[in-house]
Engineer: 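Dropping a structure here in structure tokens format, bear with me for questions.
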Number of protein chains: 2
Amino acid sequence: MTSARPSTPQPPSRRIAEDLRRQIESGERSPGDKLPSERALAEAYGAARNTAREAIRILAEQGLVTAKHGSGVFVREPQRLFRFGSDRYSLKNRETGLTPFRLEAKKQGKVARIEVPSIAREKPPVDVAERLKVPADEESVVHRENHYFADDEPVQIVSTYLRWDEAQGTLLMQPKTGKDGIYGRLEELGHVMTRVRDEISARMPTPEEAATLELLPGVPVLEVLHTSLDQDGIPFEVSRYVHRADQTGLLYELPVE
Amino acid sequence: MTSARPSTPQPPSRRIAEDLRRQIESGERSPGDKLPSERALAEAYGAARNTAREAIRILAEQGLVTAKHGSGVFVREPQRLFRFGSDRYSLKNRETGLTPFRLEAKKQGKVARIEVPSIAREKPPVDVAERLKVPADEESVVHRENHYFADDEPVQIVSTYLRWDEAQGTLLMQPKTGKDGIYGRLEELGHVMTRVRDEISARMPTPEEAATLELLPGVPVLEVLHTSLDQDGIPFEVSRYVHRADQTGLLYELPVE
DNA sequence: TAGTGGTCTAGACCACTGG
DNA sequence: CAGTGGTCTAGACCACTAT
């Protein structure tokens, strides 16, 4: 009498989602494959279209499938990961004349493009003010916002904050900052990067970030709040990196003790 | 006649979501506050309940609100972050007699608990095999799975992989591994941790992970694939950490160059 | 133009929470 | 018990994509 093992009889939408998930993970449906249409799924399972649709939503939330309006629902392609390493701040990289991002893009055979949508004097966000040790209630920083693209696809958003009293009237206020970029200029100001502190978290994107990064539903972002410390332990630069997590990984390699 | 600025006349569900989002971000609705019920929202906007429900779903996906079945929808409380640092591997911590997790839990005033649901000889996942430099098609590793709790709330899942030929017949096969934990035993086997490599990514959880970590919808996970290298540069331990991103952050502090 | 996903309506019943 | 979210039905129209 007692049936097999329906410990919790799942609702139809979950059951459909589970079936499809199994098919995808077993390789029965490969990346790029088109799933049956919502209407077809509904009919096959004797359910309403909304129920089939809910099943698709569950899979999309897990990052397994992507809906293309007017076209169909497809099994998501596994993405090659960009890797941003702890060596991205390394001085060695300067010898190449390439920024870390251009270097990584080149490794992946992609064309890097960097936009600088804004450079402005601003009040810093509280977390930035804390780390840069500047007042949060004054326009104490310069905010440089950068957008990074690989083959014209957006990959990361970077907001860099510098002390206004140092950056004022220098190349740090310009889109082109000269040889070795901002770190080159900051070195001339007496700040040699000696230690870095990266605070890493993950979350779902804001609508603005989703739009800028052209993120599909169900793709989180990696946020890195980076602080550069100079030879005297003084923080002289804070940056917030927002990476799309479906194409980006981080790599930290470090000595112990 | 021409209305204000409906550049893209948003569908009602988005409009409702946007309204609520503004209210939350402006502080008009504070963390812990209860939102109007789906039925109330629907009536207020002259929409069907499903439309109001869709608006709530959008906010939940962004991690802004949490639905409590039978109770209501609430503005999510900002979570205090656990911080796992690059010093979690540090030998200094051994002097405290506490593992890094217990140490961090204590800092936060919480009670740590660790479960070891399984220890078994297995075939390693391909990414682990690559890093540990063992064959992927044999039962070449011991897999220790650990679940970590703070005040009985699950915080992270850790899968540790060790070479079978080294772990066989030692305390490394037991839940209690003795003084200084597995690293103590591995040191006795001649492996002094000298460098670590952490590969970090973020993604949505699998259903199993969501269940184990009791994750609410819209919460991603942080995955760290960790490799320990000894004094000869030989990898002797690989671990996969899966953290809930709503309560966990990572901190890496390191010298440059 | 046919087929797809995106959104919506107006109901319904169930499962859970709280007083 | 009343009120809440969770799920479902059976339609409908729209927007987009391919052919």
Side-chain angles (χ1 to χ4, degrees), chain A residues 6-20 29 32-76 207 210-211 214-219, chain B residues 6-20 29 32-76 207 210-211 214-219:
Chain A
S7 57
T8 314
Q10 297 263 320
S13 56
R14 309 263 184 123
R15 229 183 68 64
I16 300 174
E18 267 314 297
D19 280 3
L20 291 171
R29 297 184 187 276
D33 281 6
K34 184 164 154 181
L35 260 49
S37 77
E38 295 174 349
R39 289 162 177 90
L41 275 175
E43 196 187 5
Y45 283 87
R49 186 184 153 206
N50 271 356
T51 303
R53 187 175 169 73
E54 171 70 7
I56 302 280
R57 202 194 56 74
I58 291 169
L59 295 176
E61 197 174 71
Q62 295 169 6
L64 284 174
V65 302
T66 296
K68 293 217 173 79
H69 193 172
S71 174
V73 176
F74 301 84
V75 180
R76 202 172 278 190
E214 294 171 16
L215 290 180
L216 298 168
V219 177
Chain B
S7 58
T8 314
Q10 296 263 321
S13 57
R14 310 267 185 119
R15 228 182 69 64
I16 299 174
E18 268 313 298
D19 280 3
L20 292 171
R29 298 183 186 277
D33 281 5
K34 186 164 153 181
L35 261 49
S37 76
E38 296 175 349
R39 289 162 178 89
L41 275 176
E43 196 186 5
Y45 283 87
R49 186 183 153 207
N50 270 356
T51 303
R53 187 174 170 73
E54 171 70 6
I56 302 280
R57 202 194 57 73
I58 290 170
L59 295 176
E61 196 175 70
Q62 297 169 4
L64 284 174
V65 302
T66 296
K68 292 216 172 81
H69 192 171
S71 174
V73 177
F74 300 84
V75 180
R76 203 172 276 190
E214 295 171 16
L215 290 179
L216 299 167
V219 178

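Naming: A, B, ... by sequence-line order, numbering from 1 per chain. What you are looking at is a predicted structure, and each value in this text was computed from that prediction instead of being measured.
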Engineer: Considering only side-chain heavy atoms of B:Ser13, which listed nucleotide, D:dC8, C:dG6, C:dC8, is closest?
Structural biologist: C:dC8
Engineer: Between A:Ser71 and A:Glu54, name the one whose nearest nucleotide on DNA chain D is closer to the 5' end.
Structural biologist: A:Glu54
Engineer: In whole Å, I'd like the distance from the CD atom of A:Glu43 to the P atom of C:dT4.
Structural biologist: 11 Å
Engineer: How many whole angstroms separate atom CG of A:Leu41 from atom P of D:dT9?
Structural biologist: 13 Å
Engineer: Got a donor-acceptor pair under 3.5 Å from the side chain of A:Arg49 to the base of C:dG6?
Structural biologist: yes
Engineer: Grab the OH-C1' distance between B:Tyr45 and C:dT7 for me, whole Å please.
Structural biologist: 17 Å
Engineer: Roughly how many Å is it from CD in A:Glu38 to C1' in D:dC16, rounded to a whole number?
Structural biologist: 14 Å
Engineer: For residues B:Ala52 and B:Ile16, report the shortest heavy-atom separation together with the two atoms involved.
Structural biologist: CA-CD1, 4.3 Å
Engineer: Under 4.0 Å between a side-chain N or O of B:Thr51 and OP1 or OP2 of C:dT7?
Structural biologist: no
Engineer: Is any side-chain heavy atom of A:Pro207 closer than 4.5 Å to a side-chain heavy atom of B:Gln62?
Structural biologist: yes
Engineer: Please report the distance, rounded to the nearest Å, between CZ in A:Arg53 and P in D:dG6.
Structural biologist: 18 Å
Engineer: Of all the heavy-atom pairs spanning A:Glu38 and A:Arg53, show the shortest one and how long it is.
Structural biologist: OE2-NH1, 2.8 Å
Engineer: Would you kindly give the CD1-to-C1' distance between B:Ile56 and D:dT4, to the nearest whole Å?
Structural biologist: 12 Å
Engineer: Is any side-chain N or O of B:Arg57 closer than 4.0 Å to OP1 or OP2 of D:dG5?
Structural biologist: no
Engineer: So, B:Glu54 and B:Arg57, do they make that salt bridge, N to O below 4.0 Å?
Structural biologist: yes
Engineer: I want to verify a distance call: between D:dT9, C:dA10, C:dG5, whose nearest atom is closest to the B:Ala48 side chain?
Structural biologist: C:dA10
Engineer: Taking atom C1' of C:dG19 as reference, at what distance in whole Å does atom NZ of B:Lys34 sit?
Structural biologist: 12 Å
Engineer: For the side chain of A:His69, starting at C-beta, report the closest nucleotide among D:dT9, D:dT7, D:dC16.
Structural biologist: D:dC16
Engineer: Establish whether the base of C:dG3 is bridged to the side chain of A:Arg39 by a donor-acceptor pair shorter than 3.5 Å.
Structural biologist: no
Engineer: Report the nucleotide, chosen from C:dT9, D:dT7, C:dT7, that has the shortest atom-to-atom distance to any side-chain atom of A:Pro12.
Structural biologist: D:dT7
Engineer: I'd like to check B:Thr66 versus B:Arg76 (side-chain heavy atoms, cut-off strictly below 4.5 Å). Are they in contact?
Structural biologist: yes
Engineer: Within this structure, what is the CZ-to-P distance between B:Arg14 and C:dG6, rounded to whole angstrom?
Structural biologist: 10 Å
